[in-house]
2 protein chains.
Amino acid sequence: MAISARRSPRPARAGNFDKSFDIVIAGGGGVGLATACFSAWLGNKVLLLEKAPELGGTTIKAAFWYWVPNNEPMKAMGLVDKKEDCLRYLARISRPEVYNPKHPRFGMSEWEYDACVAIYDNASKATELLNAKGALEYRHCPGVPDYWAELPEDKAPVGRVLVTKQARDSMSDGGVHAIRTLAGAARKAGVDIQTSHRVQRTIVDEDGRVVGVEADNGQGKALRFGARKAVVFATGGFTHDPELRQHHLSAPVKGGCAAVTNEGDFVHIGAAMGAHLRNMNYAWMCPVVFEKVVNKDPGLIGTFSPSGDSMIYVDRNGRRVTNEKLAYNESAQAFFKWDPAKSEYPNLVLVAVWDQRSQDHSASDEYGRFIVPKGADAKHVIKGKTLEELAANVRKRLKRYAAETGNLALSADFEKNLKATIKRFNGFARAGKDADFQRGERPVELLFNGPTAPKTGKNPTMYPISSSGPFYAALMTGGNLDTKGGPATNVDGQVLDALGRPIPGLYGVGNCVASASARSYWAGGATLGPFMAFAYLAANAADKEPGSAKARRREAVDA
Amino acid sequence: MAISARRSPRPARAGNFDKSFDIVIAGGGGVGLATACFSAWLGNKVLLLEKAPELGGTTIKAAFWYWVPNNEPMKAMGLVDKKEDCLRYLARISRPEVYNPKHPRFGMSEWEYDACVAIYDNASKATELLNAKGALEYRHCPGVPDYWAELPEDKAPVGRVLVTKQARDSMSDGGVHAIRTLAGAARKAGVDIQTSHRVQRTIVDEDGRVVGVEADNGQGKALRFGARKAVVFATGGFTHDPELRQHHLSAPVKGGCAAVTNEGDFVHIGAAMGAHLRNMNYAWMCPVVFEKVVNKDPGLIGTFSPSGDSMIYVDRNGRRVTNEKLAYNESAQAFFKWDPAKSEYPNLVLVAVWDQRSQDHSASDEYGRFIVPKGADAKHVIKGKTLEELAANVRKRLKRYAAETGNLALSADFEKNLKATIKRFNGFARAGKDADFQRGERPVELLFNGPTAPKTGKNPTMYPISSSGPFYAALMTGGNLDTKGGPATNVDGQVLDALGRPIPGLYGVGNCVASASARSYWAGGATLGPFMAFAYLAANAADKEPGSAKARRREAVDA
């Protein structure tokens, strides 16, 4: 069944419904399913509508680490994670430009601060409940550091990360298990789950309250579903809407690894309801294999782990321009450097180069690594027996994509510079110290270093690149996991209008609504951990909704 | 009279009006006034509402250069400015990341391309009409280059800029004259002009057509003004709405030199009508004096011309990090460099440093220069008899603003590095060649070099900084002229919804609607020249509007 096209997001008037529920949830990724579980466990009749033919959203592609401050296993281990310390850390990295340790909110806005407090207070409650109910069982990752673990403001640098219990040892496949168990728990709790249903707009009553949604059923039929208490959107970000990307994001990304159905539906549907948009400029970012993103490969996974010790990124001039092992959200920034004297993005594509050692020992099909093992899709890998042959082949490959890069091409002295770059890098590798970009000096860089040869260098992220071929290359660019802007909500998930007032009956959770993290990525699982808190809060708030005027009047008559 | 606070932007229902017109225009800057003139000349009864107690908006602070491709004086001079060449130039600098010389639209989207075509086709028509009517008389600036004049894609690198005829020789005060003559022409044509009237929301009829606005009259009374044909917004950008800045712009700017009334009114009012937002991530940018912007100085002018040859910008470590003479839109980028390994904006404030030579010869109160003459407001100037004393005073000044900078402070080795930086710069100045940042090598840098001593160096933008004091400094940051995002319009100024359909009766022009220039600043006057084209097109389209259903019915009965 094809997914139907976007129609007008303007709200429809209330009238007859095809079917009515207490809570209607749009979006069947991890966040929508968790919200469905919480809602159903509170005794509500719940409908969950998913646009794609299958459940899972972006979550099913994710490792499903979840960042839960002051979680129970931490406490059991004796790790201390005080609220004030945690909030200070979040302020320091989310709003460094106004961070103020003496300010009561550490420089954050009230909205941001309240959201961070809500995460601290509720993420553990939410995940404990999901765990106890068997909907999402976890195991603790006591050794996983926050992404800014080295900052003095991080007083609990390890211990906040959980992962789906059933995930493999490398923790890369948590999403598959999480979706399976969450969907199972939702069904067991009586949630009506309908896939291939695209929500097109809200339905509002005479008071302007959201009382349902109109959705296409996959055969092109528009169905009207009533929601006595609330409609909760969990439809993901706008990674796959080129128009929204181009006109909102702070960097010219080409796409990313979000579910291909993440087309900003709630930006449009929410805005048509008068929702106020926040954090539209930022995304959860990661390097991505350029050819996969421009060719819209639905299996694309962000390069969370750029494996390979004898591996470097070079620019079109054959020079290193960044620390290749930076945490993914930050590594992605290197591609968007702006040259203010030439009006161009000189690093929009960087070339990852590696040798046979890294090919032999760092190949993997996990965490979006671009050095892939035999049998994996390797169309993005460019080869050469010598550096000259490699460069010639990179030149050819880049030419094919000229229209996607503003004609980015290797410079005439690429080969010469590349050799000098390798020589310099090899010196750093032998010394164990990268004097140019400090590769491998931060905990997060070791976390994502990926597999290496048994014998590593002094600094396990660096090893001299061989003087003889074969050599390998891949074109890399910056991309999104997913975007992190959308309608603003309060901590209960109620969508806010331009004056900060909740729009009655309308809720949002996950990447379809605005994140309080600004441009920052706090730690592994800083998406899903907080989302579980907000799913929990939204379900609890929606449960207490008085319902629509008509429903209230009916109740009065019934009583 | 105080300006009333923002109220709900949700549209009001039609009903009785206090007064009715053919066209109602919100915003009395240069663009609103031009639209009023064009509308009145077409025979319409026009009302113009301005939020501030005075007309002028941002325009009155502007030099009022206006960029008009293929203008009449160019043609008279024999300068050739072919349409295809002009469009290619605009694509190259507006969308460098997808620029494609072989593509029929050179890589631009249809919306962007159509807007550029409309500018090329109409800016000259519009400005000729304004000139002929005496509403805005021009003189040609045949020597003023485009900001990217050196690019091979710019086939008409000089000649596209006009300036208000009455402007002084230095062309810095065109805005004052333009507002005077435009307002005079509008009044003469019968436009009803009301200042201290804040438009709060639109009024819509039963068909969803905009048929008027509700505005506060300055005494807190809400008045309802009918618009038989159309409402045109020209209310400026969102430079002075901290919330919109923070959640939309691609850089953490603190404000800028737009009129202080530019608070994003039309983002909210338009969004509440279902308008689709575009280009929300970008602004017309410029360096600004940090203390003026954080203290919200209403007289702030962007530093369009960073005068001084014996003047450099240094970072907190005492090192140069940018070409100080880059055109303002690009120079502003240096302040927003992100350090992905430290989670901070290390250059959020840079320190401009100069000596007595530049103080004596480059002081000026025009174009937002920070080296100011005796008698001018010099609170932002920090002094020191020696570099050590200067650094000590900069340290003190920075401390005062710690909460506004994320605790930015000079490093312990600032003085040592500053001396080395000056030594290196002085070598470049003597050689006439800046090996680090190529200062003074592009035409636009000479255009904005500002006044210098009679005897300049080989490169007039550089002269060795004196080895003896006194020395001077100013804290600089990046800011906005104004933002360039908002509701999308078609070339006729009709505001578009999420599906690209015009919202009946609703128009927008100027910085309150989305610009097709993305992050780019094409040339001096690339704001006002195109705006005159769109004011002309919007007035002509609005003139042909059939009017509201009720008005149509009334006409039918009258006939």
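In the text below, chain A, chain B and the rest are named by the order of the sequence lines, each starting its count at 1.
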inquiry  = Less than 4.5 Å to any heavy atom of chain A: does that hold for the side chain of B:Ile93, its backbone, both, or neither?
reply    =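 Contact with chain A involves both backbone and side-chain atoms of B:Ile93.
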Top contributor to chain B interface from [options] [non-hydrogen pairs under 4.5 Å]:
options	answer
A:Ala341, A:Pro252, A:Ser520, A:Gly107	A:Ala341
A:Ala272, A:Pro101, A:Ser250, A:Gly406	A:Gly406
A:Ser331, A:Gly274, A:Ala403	A:Ala403
A:Glu344, A:Arg6, A:Arg7, A:Arg92	A:Arg92

Need one label for [X]: side chain, backbone, both or neither, based on atoms under 4.5 Å from any heavy atom in chain B.
X	result
A:His103	neither
A:Ala271	backbone
A:Gln438	neither
A:Arg519	side chain
A:Asn279	both
A:Tyr282	side chain
A:Leu348	side chain
A:Leu277	both

Considering only heavy atoms from C-beta outward, does the side chain of [X] approach that of [Y] to under 4.5 Å?
X	Y	value
B:Arg278	A:Gln246	no
B:Glu150	A:Lys342	no
A:Asn407	B:Lys102	no
A:Ser8	B:Arg501	yes
A:Tyr521	B:Ser343	no
A:Thr405	B:Val98	no

inquiry  = Under a 3.5 Å distance rule, please check whether A:Asn281 uses its side chain to pair with a backbone N or O of B:Leu249 as donor and acceptor.
reply    = yes
task = Measure across B:Pro340 and A:Arg442 and return the closest heavy-atom pair with its distance rounded to 0.1 Å.
result =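 Answer, listing the atom of B:Pro340 first, then A:Arg442: O-NH1, 4.5 Å.
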query = What is the minimum heavy-atom distance between B:His276 and A:Glu243, and which atoms define it?
reply = NE2-OE2, 2.8 Å
key: Parallel, tilted or perpendicular: ring planes of A:Trp111 versus B:His247, cut at 30 and 60 degrees   =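 Judged by the thresholds at 30° and 60°, the geometry between A:Trp111 and B:His247 is perpendicular.
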request  = Pick whichever of B:Met280, B:Arg95, B:Gln333 has the most heavy-atom pairs under 4.5 Å with chain A.
outcome  = B:Arg95
task = Please round to the nearest 0.5 Å and tell me the distance separating atom CG of A:Asp497 and atom CZ of B:Arg10.
result =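 If we round to the nearest 0.5 Å, A:Asp497:CG and B:Arg10:CZ are 6.0 Å apart.
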key: CZ (A:Arg400) with more than 12 external heavy atoms under 6.0 Å   =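 It does: A:Arg400 CZ has more than 12 such atoms within range.
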inquiry  = Tell me whether A:Lys254 is salt-bridged to B:Glu97, with the criterion being a basic N under 4.0 Å from an acidic carboxylate O.
reply    =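 No salt bridge links A:Lys254 with B:Glu97.
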